[in-house]
A.B. asks: 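Sharing a structure below in structure tokens format, with a few things to ask.
Keep in mind that the numbers below use all heavy atoms, side chains included, and drop hydrogens, waters and symmetry copies.
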Amino acid sequence: MSKNAIVVYINDSERTVLEFGWLYKTWLLWSINESWDIVAFTNPSVVEDVKSKYSHENLKVIEMLPADNPVTNSYAMFEDENNVDILREYEFLFRTTCDSFLTRYFADFKPWKDKVYVGIGLHAATAHPGDLVREKLSILSDTFGLKWHGLSHIGSSVLANFEIMVHLSKLQTSIAKWLLENGFPNGNGSYPSWFKGEVSQYAHEIAINNITGPLGLHQGSIDSWCGNNEITSLDLHIKSWPQSNQGFFNKAKYHAGELPKIKFSKVPKQAGDYCMFIVDTDLKNMLDINK
């Protein structure tokens with residue numbers, strides 16, 4: 001058992017089970033398993049499949065039925081006090097998604113107890129109508145009686161101490177439920193305007209603003225880009241961005257078999273190449289290359 005844990009949700013699809021392997025392989029590649037467990041809350045229908053493919057003493061696979069609102073699956077585990085008790089033994093929690101990659105720099109990372117670490121999100125990225133989305137989130141925050149510090153472009157992954165993570169995730173879940181029920185009276189909207197598909201991101205941004213301010217937030221070292229950018233010591237974690245059409249690694253194209261197969265002789269330094277290396281190389285070869 002490690003003192004920290006990476007928390008994910010694995011839904012009932014072969015694709016997600018496969019993508020979990022990307023996170024899992026990078027966890028082992030850099031010996032992150034020595035200081036961080038993985039706690040994978042998993043749809044019961046794929047639990048046996050996950051256990052048969054991925055086995056490690058520091059990997060916990062916990063059955064979890066999907067939430068009433070499936071868009072909240074990646075953070076709704078904190079609503080169940082049994083799940084909270086499972087996680088209570090850890091000092092820090094990193095809540096992320098299966099389709100992501102840890103870098104070598106995560107292994108030596110020592111988080112500050114009073115900091116909240118987030119990535120950069122694109123749910124309100126444009127000047128217009130993104131500014132209207134941010135204004136709407138500010139108004140909603142005031143309606144809920146929550147603090148608003150003007151923090152924006154908050155990514156989906158988050159790392160914080162146990163107490164903050166539990167509070168944040170519960171608040172995000174309750175806000176997301178409210179938005180799903182009340183936030184779209186005139187239809188689902190469309191991206192990049194107010195859009196029902198971004199409910200989790202909206203709820204996350206409101207919750208983050210209530211829990212911390214500018215001095216308590218560290219933004220940008222997680223959910224890093226998966227394009228031709230070089231991985232630096234500031235990049236702890238890379239996300240499979242769906243918008244990365246111009247980047248080297250594109251998740252949709254990978255699953256469609258539209259990306260080239262490349263045999264690497266060393267661990268790449270560019271983020272997109274690194275992601276390709278991880279998805280196309282089995283764990284044994286990966287470890288041999290990294291010796």
A.B. asks: Give the cluster check for Leu151 versus Ile120: same hydrophobic cluster or not, with ILVMFWY residues linked at side-chain heavy-atom distances below 4.5 Å.
C.D. replies: no
A.B. asks: Do Tyr75 and Met165 share a hydrophobic cluster (ILVMFWY, side-chain heavy atoms under 4.5 Å, transitive)?
C.D. replies: no
A.B. asks: When rounded to the nearest 0.5 angstrom, what is the spacing between NZ in Lys147 and CD1 in Ile211?
C.D. replies: 10.0 Å
A.B. asks: Begin with the C-alpha distance, continue with both residues' side-chain angles, and end with the deciding distance and a verdict on side chain to side chain contact (heavy atoms under 4.5 Å, CB included) for Cys98 and Ile10.
C.D. replies: CA-CA 7 Å; Cys98 294; Ile10 305 176; 3.7 Å; yes
A.B. asks: Measuring from Ile175:CD1 to Ile206:CD1, what's the distance to the nearest 0.5 Å?
C.D. replies: 5.0 Å
A.B. asks: In the structure I gave you, are the side-chain heavy atoms of Arg88 and Glu81 within less than 4.5 Å of one another anywhere?
C.D. replies: yes
A.B. asks: Are there over 12 heavy-atom neighbours, none belonging to Lys269, within less than 6.0 Å of that residue's NZ?
C.D. replies: no
A.B. asks: For residues His237 and Phe94, establish whether the separation of their ring centroids is below 6.0 Å.
C.D. replies: yes
A.B. asks: Just wondering, do Phe162 and Lys113 contact through their side chains at under 4.5 Å, heavy atoms?
C.D. replies: no
A.B. asks: Identify whether Ile139 and Ile208 are in the same connected component of the hydrophobic contact network (ILVMFWY, side-chain heavy atoms under 4.5 Å).
C.D. replies: no
A.B. asks: Give the intermediate values and the outcome of side chain to side chain contact (heavy atoms under 4.5 Å, CB included) for residues Leu137 and Asn209.
C.D. replies: CA-CA 10 Å; Leu137 295 179; Asn209 271 275; over 6 Å; no
A.B. asks: Hydrophobic cluster membership, with links at side-chain heavy-atom distances under 4.5 Å among I/L/V/M/F/W/Y: are Leu65 and Val61 in one?
C.D. replies: no
A.B. asks: Determine the interplanar angle of the His255 and Trp22 rings, folded into 0 to 90°, and report it as parallel if under 30°, tilted if 30 to 60°, perpendicular if over 60°.
C.D. replies: parallel
A.B. asks: What pair of heavy atoms forms the shortest contact from Ala271 to Cys226, and how long is it?
C.D. replies: CB-CA, 4.1 Å
A.B. asks: Please check: side-chain N/O of Gln270 versus main-chain N/O of Asn228, any donor-acceptor pairing under 3.5 Å?
C.D. replies: yes
A.B. asks: For the residue pair Tyr274 / Thr26, report whether a side-chain donor-acceptor contact shorter than 3.5 Å exists.
C.D. replies: no
A.B. asks: Look at Asp131 together with Arg134 and state whether they make a salt bridge at an N to O cut-off of under 4.0 Å.
C.D. replies: no
A.B. asks: I'd like to know if the side chain of Asn161 and the backbone of Glu91 have a donor-acceptor N/O pair within less than 3.5 Å.
C.D. replies: no
A.B. asks: Using a 3.5 Å distance criterion without hydrogens, assess whether the side chain of Lys25 forms a donor-acceptor pair with backbone atoms of Thr281.
C.D. replies: yes
A.B. asks: Do the side chains of Glu198 and Lys136 get close enough for a salt bridge, i.e. N-O under 4.0 angstrom?
C.D. replies: no
A.B. asks: Roughly how far, to the nearest 0.5 Å, is CD1 of Ile86 from CD1 of Ile62?
C.D. replies: 4.0 Å
A.B. asks: Are the side chain of Asp37 and the backbone N or O of Val39 linked by a donor-acceptor pair below 3.5 Å?
C.D. replies: no
A.B. asks: Residues two or more places apart in sequence or in another chain: which of them pass side-chain contact (heavy atoms from CB on, under 4.5 Å) with His56?
C.D. replies: Tyr24, Trp27, Leu28, Asn33, Asn58, Leu59
A.B. asks: Do Phe78 and Leu168 have side chains that get closer than 4.5 Å, going by heavy atoms?
C.D. replies: no
A.B. asks: For the atom pair CE (Met286) and CD1 (Ile289), what is the distance rounded to the nearest 0.5 Å?
C.D. replies: 8.0 Å
A.B. asks: Donor-acceptor check, side chain of His149 to backbone of Thr212, threshold 3.5 angstrom: yes or no?
C.D. replies: yes
A.B. asks: Can you check whether Phe101 reaches Val279 side chain to side chain, under 4.5 Å on heavy atoms?
C.D. replies: yes
A.B. asks: Within the 4.5 Å heavy-atom criterion, are Ser156 and Gln201 side-chain neighbours or not?
C.D. replies: yes
A.B. asks: Is it true that a side-chain atom of Gln172 and a backbone atom of Ala207 form a donor plus acceptor pair closer than 3.5 Å?
C.D. replies: no
A.B. asks: Tell me the closest heavy-atom pair linking Val118 and Leu217, and the distance in Å.
C.D. replies: CG2-CD1, 3.8 Å
A.B. asks: Do the non-hydrogen side-chain atoms of Phe249 and Ile238 ever get within less than 4.5 Å of each other?
C.D. replies: no
A.B. asks: Evaluate side chain to side chain contact (heavy atoms under 4.5 Å, CB included) for Trp194 paired with Leu132, printing each intermediate quantity in order.
C.D. replies: CA-CA 8 Å; Trp194 188 247; Leu132 299 180; over 6 Å; no
A.B. asks: Taking the side chain as every heavy atom from C-beta outward, state whether Leu29 and Ile278 have any atom pair closer than 4.5 Å.
C.D. replies: yes
A.B. asks: More than 12 heavy atoms of other residues, nucleotides or ligands under 6.0 Å from CG of Asp68: yes or no?
C.D. replies: no
A.B. asks: Indicate whether any N or O donor in one side chain lies under 3.5 Å from an N or O acceptor in the other, for Ser240 and Asp99.
C.D. replies: no
A.B. asks: With rounding to the nearest 0.5 Å, note down the distance linking CG in Asn285 to CG in Asp280.
C.D. replies: 12.0 Å
A.B. asks: For Lys284, which residues count as a side-chain hydrogen bond (donor to acceptor under 3.5 Å, both in side chains) partner, sequence neighbours excluded?
C.D. replies: Asp288
A.B. asks: Check whether Asp223 reaches the backbone of Ser157 with its side chain - one donor and one acceptor, N or O, closer than 3.5 Å.
C.D. replies: yes
A.B. asks: Please report the interatomic distance OG1(Thr72) to CD(Glu79), rounded to the nearest 0.5 Å.
C.D. replies: 6.5 Å
A.B. asks: Taking side chain as C-beta onward, heavy atoms only, is Leu171 less than 4.5 Å from Leu146?
C.D. replies: yes
A.B. asks: Over all heavy atoms of both residues, which pair between Val8 and Thr96 is shortest? Give the atoms and the distance, please.
C.D. replies: CG1-O, 3.6 Å
A.B. asks: Keeping Gln219 on the side-chain end and His153 on the backbone end, is there a donor-acceptor pair under 3.5 Å?
C.D. replies: yes
A.B. asks: Restricting to non-hydrogen atoms, name the atom on Ala160 and the atom on Val116 that form the minimum distance, rounded to 0.1 Å.
C.D. replies: CB-CG2, 4.4 Å
A.B. asks: Taking the side chain from Ser224 and the backbone from Asp235, do they hold a donor-acceptor pair closer than 3.5 Å?
C.D. replies: no
A.B. asks: Taking atom CD of Glu258 as the centre, report whether more than 12 heavy atoms of other residues, nucleotides or ligands fall under 6.0 Å from it.
C.D. replies: yes
A.B. asks: What's the shortest heavy-atom distance between Tyr90 and Lys60, and which atoms?
C.D. replies: OH-NZ, 3.1 Å
A.B. asks: Tell me whether the rings of Tyr202 and Phe184 are parallel (<30°), tilted (30 to 60°) or perpendicular (>60°).
C.D. replies: parallel
A.B. asks: Is a side-chain donor or acceptor of Tyr254 paired with a backbone partner of Met276 at a separation under 3.5 angstrom?
C.D. replies: no
A.B. asks: Quick one: do Tyr105 and Trp30 satisfy side chain to side chain contact (heavy atoms under 4.5 Å, CB included)? Show the steps, please.
C.D. replies: CA-CA 8 Å; Tyr105 302 108; Trp30 306 117; over 6 Å; no
A.B. asks: Which pair of non-hydrogen atoms, one from Met64 and one from Asn73, has the smallest distance, and what is that distance?
C.D. replies: CE-O, 3.7 Å
A.B. asks: If you take the centroid of each ring, where Trp contributes its six-membered ring, are Tyr117 and Phe109 closer together than 6.0 Å?
C.D. replies: yes
